[in-house]
Amino acid sequence: MTIQQNYSLLPHNTFGIEATARYFITYDSVADLQDTIQLIHSEYPSMPILHIGGGSNLLFLSDYDGIILHSGIKGIDVTIQGDHAYVRVGAAVVWDELVEFCVNNGYYGLENLSLIPGEVGASAVQNIGAYGAEAKDVIESVETVCLQDGAPRIFTNGECEYAYRSSIFKHDLKGLYAITHVCFKLPLQFTPQLDYGGIRNALCNDGITPEKVQAKELRNTIINIRNTKLPDPRIQGNAGSFFMNPVVHRNVFEKILKDYPNMPFYEIDKEQVKIPAGWLIEQCGWKGKSLGNAAVHDQQALVLVNKGGAKGKDILRLCETVRSDVKQQFDIDIHPEVNFIGGEA
Ligand code: EPU
């Protein structure tokens, strides 16, 4: 393990917020994590602990007066059984490197999740999703270590209680387990998922017949779509979608539809409809607008960006202003997807 003190978190949050951690500890194996937990209990028994991944879904509102843990567990192990590959991946593997590896080797199902920032461990906490696919569809099990006593525990997919951008690790068991490995079950036969609006058109624009698309071509098209809509965090700090898309009762949806007949939506079931938060925010006039050093992205209003030098609280102020405008105009509450760390929030 490596322990660093008063450590800058700038390289560990894609929002590009300047903040420090009192201690920052990186470990590189399950045994090393267990030693780390023992050390924390004996040396810093009452200090708060936060486990982070690639920092692509975090907003630091202040310095972190505690211990930040970061996995250094790498490695991808593949076992072929029948018509599936079982791919066991270290939590610190960069998500898109996994997607690329799988597409190149003929293990399918991750193509639509190409280029999502972050690390594999966080994919299982956050249930990352894009273009009609979600991590939960391909996660077989999640290997963890309890941060209280160092005991290993494997969660089956069912035990993870997956839902839209959510899992048991974000709710009932928040902060209690460190994910060490994620096991994916991936078919060896490629079945493209092309139902999400825009993919077929994008393929055609790239000169590809959707019915004949190859996995690598689909991955490239998804990468192109993301690159045109979403800002590159290396150039402009951001954490991808800042808000979750709200799910509303059909009555609420139909009432709004009368005034906005072109409103996009996704049917969930007979009662519930999901409305894109980006569309709601755009209707409120916020797309491309700034508040101090924080701004709403000009290509996708769901994304808040750091224009340079923003503090976590500047982003929070924009978040609250946007939320209150959406509430006022549509009477809908939108909730951040990003995790706030520190401050009074
Ligand atoms: N829209 C607008 N204005 C905007 C943004 C979107 O009118 O500023 C409209 C679009 O025209 C479209 C609809 O809203 O009709 C949906 O937009 P988009 O396809 O961009 O998807 P989204 O629902 O806004 C979600 C995910 C993204 C994911 C995309 C594609 C959430 C919170 N976000 O966004 O995830 O890439 O679908 O699947 O569910 C992320 O989590 O960081 C992320 C980027």
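Each ligand, and each atom within it, is numbered from 1 in the order the structure gives. Computed from a predicted model, the values in this text were never measured in an experiment.
Judged by distance alone, with hydrogens and angles left aside, the side-chain atoms of Asp325 form no donor-acceptor pair with the main-chain N or O of Val322 at under 3.5 Å.
Ring orientation note: the planes of Tyr107 and Phe101 are tilted relative to one another, at an angle of 30° to 60°. Between Tyr7 and His12, the two ring planes are tilted [angle within 30° to 60°].
Remark: Tyr162 engages no residue in a ring-ring contact (aromatic ring centres under 6.0 Å, His included) (not counting sequence neighbours).
Shortest non-hydrogen contact noted between Gln34 and Pro152 is NE2-CD, 3.9 Å.
Using a heavy-atom distance under 4.0 Å as the criterion, the protein contacts of ligand 1 are Gly129, Ala130, Tyr131, Tyr164, Arg165, Tyr196, Arg226, Lys229, Leu230, Gly240, Ser241, Phe243, Met244, Asn245, Pro264, Tyr266, Pro276, Gly278, Trp279, Glu282, Lys287, Gln300, Ala301, Leu302, Glu337.
A salt bridge is absent between Glu100 and Lys216; no separation between the charged side-chain nitrogens and carboxylate oxygens falls under 4.0 Å.
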